[in-house]
Amino acid sequence: METIATAELINLLFVLAVAAAGAGFMAGLLGVGGGIVMVPALYYAFTVLDFDIVTRMHLSVGTSLAIIIPTSIISTMTHKEYDAVDFKMVRSFGVFILTGVIGGTFLAVNLKTPALVLFFSIFALMVGLFFIFLREKLVDNPKQISALVKNISGVIIGFISVPLGIGGGSLMVPFMRTFGYDIRKSIGTAAAVGFLIAVTGTITMITGGKIIDNVNTPFSVGYINLLGFAVFVPVTMVMARIGAKVVHKIDKKLLSKIFGIFLILVSIRSFIEYLSIN
C-alpha cells in the first residue's frame, strides 16, 4: 500500500465522516439500515487507500454490517419510544434470519469482487425504483402474515443482506408495507431486524475471512476493517437517532423520491466500476 499524504488522508476521513452522517440519518429516517449508503462509501475509501482489489468489496460489505450493529440499536431504541417496533414479528423472524445470513455469508466469501459490485448495483437500482414509485403508494391496512411466508421471507432477507452489506431494511420495509403495515411501524421493525442481521453477519464475515485467509490489508479482522468501523460508528450512532426522531415529524414523500434518485445514481456508478474491474 502506498503512503498517503496528510492532506489526502484528511480528505478521506472527511469523505468517510460525511458518508457516515448520511448513512446514519437515512438508517433512522427511512429504515434502510444505512448499508446501501455505507458500502459504496467504504468501497471508495478502500480504493483510495489502495486495498487489495481481491477483497476490497468483501471488506466494504463486512465492515458495513459491523457498523450497522450500533446504528440499528440506536434506531430501534428511538423508534421504541414512539411504539413503532413490532417485537413479536422480530422474534418470529429470528432463527430464519440466522439461517439466511449463514447461507448469504457462504455466497459472499466465495464471490469475487466484480460479482459483488454487480450484485450491489442491481439491488441499488431496484431499491431506488421502489422508493420513487411504490413506497408511498402502498396502503395502511395490516393483513395477517402466515408463518410459512414469514419463515421463507426471513431466510431470503437474511440471505440477500450479507452479500450486500445491508441490515435488511431495504427488504424488510417493502415486505411489511406490502402486507399493509404503517410506514413508521415498518421502519422501526426493520431497524430491529437489522440488528439481528448485522450481529450474525459480522460474526460470520469475520469467521469467513479467517477461513478463506486472503485478507492482507492493515487494521482488518476477517472481512471487517477496523479503521472504517472506527470512523463510521460514532457519526452514524448520532445521526441514526436524529433520523429516527425526524421520521415522526415530517412528510417523507419528497425525501423518498430524492433518496430513490440517489440510489439509481449509486447503481449507475457501481455498474461503471464493475465494467472497469471486470
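Computed from a predicted model, the values in this text were never measured in an experiment.
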Say whether Ile53 and Val109 are linked into one hydrophobic cluster, either directly or through other cluster members, by side-chain heavy-atom distances under 4.5 angstrom. yes

Tell me whether Ser267 contacts the main-chain N or O of Leu263 through its side chain, where contact means a donor paired with an acceptor under 3.5 Å. no

Contact between Met172 and Met89 at the side-chain level, heavy atoms closer than 4.5 Å - yes or no? yes

Scanning both residues in full, the closest heavy-atom pair of Thr217 with Ser220 reads OG1-OG, 3.0 Å

Quick one: side chains of residues 122-131, donor-acceptor pairs under 3.5 Å with protein atoms, not counting sequence neighbours, listed by atom name and distance.
none

With a 3.5 Å cut-off and sequence neighbours excluded, list the donor-acceptor pairs that the side chains of residues 38-47 form with protein atoms.
unit_1: Tyr43; atom_1: OH; unit_2: Glu273; atom_2: OE2; d: 2.8
unit_1: Thr47; atom_1: OG1; unit_2: Tyr43; atom_2: O; d: 2.7
unit_1: Thr47; atom_1: OG1; unit_2: Arg56; atom_2: NH1; d: 3.4

Scanning both residues in full, the closest heavy-atom pair of Val235 with Ala17 reads CG1-O, 3.7 Å

Could you work out the complete set of other residues in the hydrophobic cluster of Val18, with links drawn between I, L, V, M, F, W and Y side chains under 4.5 Å apart? Phe14

Does Ser72 reach the main-chain N or O of Ile69 with its side chain, forming a donor-acceptor pair under 3.5 Å? yes

If you count the non-hydrogen atoms of other residues, nucleotides and ligands that lie under 6.0 Å from NZ in Lys80, is the total more than 12? no

Applying side-chain hydrogen bond (donor to acceptor under 3.5 Å, both in side chains), can you list everything that pairs with Thr204, at least two apart in sequence or on another chain? Thr105

Met176 reachable from Ile160 in the ILVMFWY side-chain graph, under 4.5 Å edges: yes

Can you see which heavy atom on Pro163 is nearest to which on Gly104, and at what distance? CG-O, 3.6 Å

Filter on salt bridge (Lys or Arg N to Asp or Glu O under 4.0 Å), then keep only pairs touching residues 96-107, sequence neighbours left out; what's left? none

Is the closest side-chain heavy-atom distance between Phe119 and Val61 below 4.5 Å? no

Going by heavy atoms in the side chains, are Arg269 and Ile272 under 4.5 Å from each other? yes

Heavy-atom distance under 4.5 Å between the side chains of Tyr223 and Ile206, does that happen here? no

Heavy-atom closest pair (His58 atom, Leu111 atom, distance to 0.1 Å) is NE2-O, 2.7 Å

Would you say that Phe51 contacts Asn225 through its side chain, given a criterion of any heavy-atom pair below 4.5 Å between the two side chains? yes

Closest approach of Ser153 and Phe175, non-hydrogen atoms and distance? OG-CE1, 3.2 Å

Quick one: does Phe93's side chain get under 4.5 Å of Ile197's, heavy atoms only? no

Between Ser161 and Gly167, is there a donor-acceptor pair closer than 3.5 Å when you use the side chain of the first and the backbone of the second? no

To check you understand the geometry: which heavy-atom pair defines the closest contact between Gly188 and Val85, and what is its length? O-CG2, 3.7 Å

Over 12 foreign heavy atoms within 6.0 Å of CZ, Phe87: yes

Looking at residues at least two apart in the chain, or sitting in another chain, which of them share a salt bridge (charged side-chain N to carboxylate O under 4.0 Å, His left out) with Arg91? none

Quick check: do Thr200 and Ile97 have side-chain heavy atoms less than 4.5 Å from each other? no

